[in-house]
Amino acid sequence: MPDITADVSRDDATEGAGVVLRTVGRVGLVAYGLVHLFVAGLAVQVPFGDPERADKKGALQAVAATGPGLVLLWVVTGGLVALVLWQLAEAVLGHHECPPRQRALRVAINLAEAGLFGVLAWSAGSIAAKGGAPSTQPSFASVVLGWPGGPVLVGLAGVGVVIGSAYAVRRGLQHTFLRELDLRGAGLRRSTLVTRTGQVGWVAAGFAYGVPGVLLVVAAVRYDPKQPTTLDAGLQALADQPYGPPLLVLLALGLTAFGVYCFFDARYRAG
């Protein structure tokens with residue numbers, strides 16, 4: 001006779017793990033939204049604020065320079081770590097209902113996003129641990145460029161970032177991010193707001209992260225370890241263009257939209 005009690009217990013345990021996993025993911029999405037609000041502030045600060053301060057400190061370092069900001073940055077670091085755990089758990093435990101090829105693609109996306117969130121968590125945690133002090137360590141790209149075959153690796157990394165950025169822009173233009181949301185109880189006006197915010201936000205985020213990807217490719221082609229490749233450097237490069245300041249204002253508005261979209265994502269994430 002089958003042990004019905006054992007089956008029910010396993011189902012309850014699975015459901016409980018799913019609730020914990022979704023909660024962890026939602027906390028991480030809120031932290032991810034905060035990161036983009038910080039970057040939006042930096043995007044405006046580069047052309048209109050103190051350029052030297054913006055270029056040296058960056059968004060996260062500027063936040064960590066104050067006591068409340070430092071506490072907030074540790075909270076953001078914890079949220080980004082939660083996102084890493086969420087994506088890894090999704091890669092291992094999720095997508096079993098999908099066909100093999102589609103499941104492999106989704107697992108690959110989970111792992112790529114876990115890597116991105118891991119880099120952001122490491123960056124935020126390192127800055128928080130130093131209290132916002134500027135880093136004196138060489139950038140990762142400059143170190144890799146000194147390796148045998150380093151320019152190829154950096155170039156491939158830059159191409160990968162550009163491809164990921166193009167994917168983000170595509171998500172915004174084609175509304176594919178809506179597949180991850182459950183807006184059935186949100187109402188028409190709220191659903192429209194979430195959709196428009198996601199459209200603008202995903203396109204802006206893709207553009208913002210595409211610029212450092214291009215800088216990585218330029219550094220690899222020139223074999224130049226001193227070539228700046230950070231997001232801060234990319235924003236400064238845009239600010240130096242004839243229409244740079246207005247473009248950065250638009251970019252800041254778009255990144256703000258993406259930060260708000262992350263909050264909506266945390267609220268309406270399906271599953």
Side-chain angles (χ1 to χ4, degrees), residues 5-39 60 72-129 140 157 160-161 163-165 167-168 170-172 175-186 194 197-198 201-202 205-206 209 258-271:
T5 304
D7 290 340
V8 171
S9 298
R10 281 194 295 269
D11 291 341
D12 289 344
T14 301
E15 183 177 354
V19 171
V20 172
L21 186 60
R22 287 192 294 272
T23 302
V24 167
R26 287 188 168 97
V27 170
L29 286 169
V30 170
Y32 196 45
L34 288 173
V35 168
H36 284 85
L37 294 182
F38 298 156
V39 176
L60 299 183
L72 179 59
L73 190 56
W74 277 119
V75 172
V76 167
T77 301
L80 290 170
V81 171
L83 270 181
V84 174
L85 297 176
W86 177 44
Q87 291 298 320
L88 292 177
E90 284 284 324
V92 175
L93 304 175
H95 317 308
H96 293 293
E97 75 286 354
C98 300
R101 179 175 295 181
Q102 187 177 6
R103 182 172 186 269
L105 175 60
R106 292 191 177 186
V107 168
I109 292 174
N110 286 142
L111 295 177
E113 291 187 343
L116 170 63
F117 298 142
V119 170
L120 288 173
W122 177 265
S123 176
S126 299
I127 292 170
F140 178 75
V161 171
I163 291 174
S165 301
Y167 173 72
R170 178 176 174 271
R171 292 197 76 184
H175 312 175
T176 55
F177 58 87
L178 292 175
R179 298 172 186 170
E180 300 172 349
L181 306 180
D182 183 1
L183 298 173
R184 286 175 293 181
V194 173
T197 304
W202 274 105
Y209 290 116
F258 187 79
V260 174
Y261 166 77
C262 288
F263 301 152
F264 284 137
D265 193 1
R267 169 63 179 83
Y268 295 109
R269 171 69 62 152

Distance in Å, Tyr209 OH paired with Leu116 CG, rounded so as to fall on 0.5 Å steps: 6.5 Å

Side chain to side chain contact (heavy atoms under 4.5 Å, CB included) with Trp202: of His175, Arg171, Arg170, only one passes, and it is Arg171

Got a sec, which pairs hit ring-ring contact (aromatic ring centres under 6.0 Å, His included) with one end in residues 105-124, sequence neighbours left out? Tyr32-Phe117

Which pair of non-hydrogen atoms, one from Gly206 and one from Ala168, has the smallest distance, and what is that distance? CA-CB, 3.8 Å

Tell me every residue that passes side-chain hydrogen bond (donor to acceptor under 3.5 Å, both in side chains) with Arg101, counting only those two or more places apart in sequence or in another chain. none

Would you give me the side-chain donor-acceptor pairs under 3.5 Å for residues 258-267, sequence neighbours excluded?
unit_1: Asp265; atom_1: OD1; unit_2: Arg269; atom_2: NE; d: 2.9
unit_1: Asp265; atom_1: OD1; unit_2: Arg269; atom_2: NH2; d: 3.2
unit_1: Asp265; atom_1: OD2; unit_2: Arg269; atom_2: NH2; d: 2.8

According to side-chain contact (heavy atoms from CB on, under 4.5 Å), who are the partners of Ala186, at least two apart in sequence or on a separate chain? Leu183, Arg190, Ser191, Tyr268

Output all residues satisfying salt bridge (charged side-chain N to carboxylate O under 4.0 Å, His left out) with Arg179, sequence neighbours left out; order by chain, then residue number. none

Restricting to side-chain contact (heavy atoms from CB on, under 4.5 Å), what partner residues turn up for Ala124, sequence neighbours left out? Leu60, Leu73, Thr77, Leu80

All N/O donor-acceptor pairs, side-chain side in residues 83-93, below 3.5 Å, sequence neighbours left out:
unit_1: Gln87; atom_1: OE1; unit_2: Asn110; atom_2: ND2; d: 2.7
unit_1: Gln87; atom_1: NE2; unit_2: Glu113; atom_2: OE1; d: 3.4

